Each structure stands twice: as structure tokens, then as C-alpha cells.
Novice: 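Input: one structure, supplied below.
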Amino acid sequence: MGAGASDLAGMEPGKVARAGLGELPELCAAEVLLYLDAPDICRLARLNRAFRGAAAADFVWETKLPENYGYLMRFVDGAEEGERGGKSSGMGKKDIYARLARPVQFDDGKREFWLEKSKGRFCMALSSKALVITGIDDRRYWVHTPTTESRFHSIAYLQQIWWFEVVGEVDFCFPAGTYSLYFRLHLGKSSTRFGRRICSSEQIHGWDKKPAKFQFSTSDGQHAVSQCYLDEPGSWILYHVGDFVASNSEKPIKLKFSLAQIDCTHTKGGLCVDSVLIYPKGFEPERVIRAQK
């Protein structure tokens, strides 16, 4: 108090003391951070001591986490689905956010979820090995191919088949919100030669004869059916199946979805099936094609 009084006493008459950001109380800094996204919070934490302390406050990060983050943490570090455990006990909310922003694998690594880093929105991916694919065990039709172009480092490549059908399901407590479901597909077989990516279209056939049919349904009565020709080789595309709403983060939703082209008058082939993705509606990190209803 004495130092502050000396400063005031030394001021010239008529002048007002100016307080810098360094004098901002930590609680006030925390109130500012409540309105920012995670990357901005981390940037401001480097500004001064007040923001650095505020950026570690649990009540700041709890507002960035999904309501059911405790449920999500049960999957961390191999904790069994539905059991209490994981590593959330004793962890600060900032550390929990950082852990959930990295992929959390479950179902023997065939599925994973994560929080999109900027706004903390929930995302999920199911690998081709988590899906039921007609003929997948017959190497005349399908082969599992290693690749760096998949988050699971492996895709299912269709060489040729008459009855094409891919089916999957997931039963999960999604954080409340609206989500979009996609199949991530690629026409043609990509590889790298002399450091350059190339795509072979040699086995692509049959997809121009009839559109592929996409559909999904939920345990609470939501559903969508659409169709689309697969006719754009050479790049990974998210084929939009439909949207659904999760209204209660404590109640599991069972999703069933499928992709099929089962006209047996012709064969089809040359298709890579990578994964099924569930993203917050409007979040589109790759090119999206919306099938027609």
C-alpha cells in the first residue's frame, strides 16, 4: 500500500494513473478467457502472469469441455467402456481437455474419438475394420491395404464384387448437439512413386451403372436415406449420409448406417473404404459430397 501511495503522491496534478495488462487481476483475466476458444486462451497465457494463472483455472476449462467429459474419460488409457476409471481423478480440467483433444481409441483400436481442438466439439471415427463388409474375408474381392492416408493406417480396397454392402453401428453417449455422418471413400488405388502420389484407376468399374445408396437410423427415431453416383476418382471424399441430433449427453444413442450398391447385373470395383466419420454439423475438414434424397 505504501508503494502505491508514493506513486500517487508523485503524480502531477490533473493526470490519471494508467493501469497496464500486467496489473489486471487474475479473476478479471479469467472472465475474459471464458469468452475465448482454446487456442486463444493458450496464446493469452503467454502474455503475462495474470493470464497465465487464469489460463490454468478449472472453471475456465470446464466451460470448454462437453457436459459428459467424465464419461469420455472412462475410455482413456484402455479403461473399459462403461466402467468408472480412466485418469480423470486428480487431473485438472485443462489437462483433461488436452487429453481429449488427442485421439482416444477403443474397440481394440478400431474406433476413436477426439475433441476438435479449436472449439472442443466432439468427433468420432470408425475404421473399415469396425464395419461389416460383404465378402471382406475373401481376397478375391477385398484386401486390407496399409496407407498413410488413413488415420487408422489401413483401408479396405475393393477389387471386384457383385454385391457391395457396408454396414455398421455405434452405441454411444454423444455430447449434446447436432452431428453429420459421412462415409470416407476414394475411387482408385493411390500409391507413392519417386516421392509423388499417383492413383491407379485400372480397376474402377460399375459405379456409373447405378447410384450407391446411403442410409442411417437412430434408436430415437431419426433416419435418412440418400443416393449418389460414385464418379470422382483420385481423391478422398466425405459422402454425407445425413444429420442427427443428440439431445441428452447422459443417454446413449444407437446409430445404424449402411452403404450399398447391390444390383447384381454387373460387378463393381476399384473403391477404397477408409472409415465412417461423425462430425459436428458444419465441421468439414475435407471435401464433402452431399447425396441426393
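Since the structure is predicted, the reported quantities are computational estimates derived from the model, not experimental observations.
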Novice: Could you pull out all donor-acceptor pairs under 3.5 Å where a side-chain atom in residues 248-259 meets a protein atom, sequence neighbours excluded?
Specialist:
residue, atom, partner, partner atom, Å
N248, OD1, E250, N, 2.9

Novice: Is the ring pair F106/F113 parallel, tilted or perpendicular, if the boundaries are 30 and 60 degrees?
Specialist: tilted
Novice: List in chain and number order the residues that pass salt bridge (Lys or Arg N to Asp or Glu O under 4.0 Å) with D58, two or more places apart in sequence or in another chain; answer none if no residue qualifies.
Specialist: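 Testing D58 for salt bridge (Lys or Arg N to Asp or Glu O under 4.0 Å), a comparison that skips the adjacent residues, returns none.
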Novice: Please answer whether the main-chain N or O of W162 pairs with a side-chain N or O of K268 as donor and acceptor at a distance below 3.5 Å.
Specialist: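 Such a contact is found between K268 side chain and W162 backbone.
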Novice: If hydrophobic clusters are built by linking Ile, Leu, Val, Met, Phe, Trp and Tyr wherever their side-chain heavy atoms come under 4.5 Å apart, do Y71 and F174 end up in the same one?
Specialist: yes
Novice: Here's one to test your reading of the geometry: is the NZ or CZ of R184 within 45 degrees of the ring axis of W236 and under 6.0 Å from its centre?
Specialist: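 Satisfied, under 6.0 Å and within 45°.
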Novice: For residues 137-149, pull every pair meeting salt bridge (charged side-chain N to carboxylate O under 4.0 Å, His left out), keeping only residues two or more places apart or in separate chains.
Specialist: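 Passing the test, one end in residues 137-149: D138-R140, E149-R197.
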Novice: Report the residues that fulfil ring-ring contact (aromatic ring centres under 6.0 Å, His included) with F283, sequence neighbours left out, ordered by chain and then residue number.
Specialist: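 Applying ring-ring contact (aromatic ring centres under 6.0 Å, His included) to F283 gives Y279.
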Novice: Do H186 and E232 have side-chain N/O donor and acceptor atoms under 3.5 Å apart?
Specialist: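 Side chains of H186 and E232: no pair found under 3.5 Å.
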Novice: Can you sort out the partners of D243 under salt bridge (Lys or Arg N to Asp or Glu O under 4.0 Å), two or more places apart, ordered by chain and number?
Specialist: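 Salt bridge (Lys or Arg N to Asp or Glu O under 4.0 Å) list for D243, sorted by chain: K281.
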Novice: With a cut-off of 3.5 Å and sequence neighbours excluded, list every side-chain donor-acceptor pair involving residues 120-133.
Specialist:
residue, atom, partner, partner atom, Å
R121, NE, E116, OE1, 3.3
S127, OG, K110, O, 3.1
S127, OG, K129, N, 3.2

Novice: After noting the C-alpha distance and the side-chain angles of Y141 and Q159, does the key distance pass the side-chain contact (heavy atoms from CB on, under 4.5 Å) rule?
Specialist: CA-CA 5 Å; Y141 306 135; Q159 300 179 109; over 6 Å; no
Novice: Give, for atom CZ of F244 and atom OG1 of T218, the distance between the pair rounded to the nearest 0.5 Å.
Specialist: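 Answer rounded to 0.5 Å: 8.0 Å.
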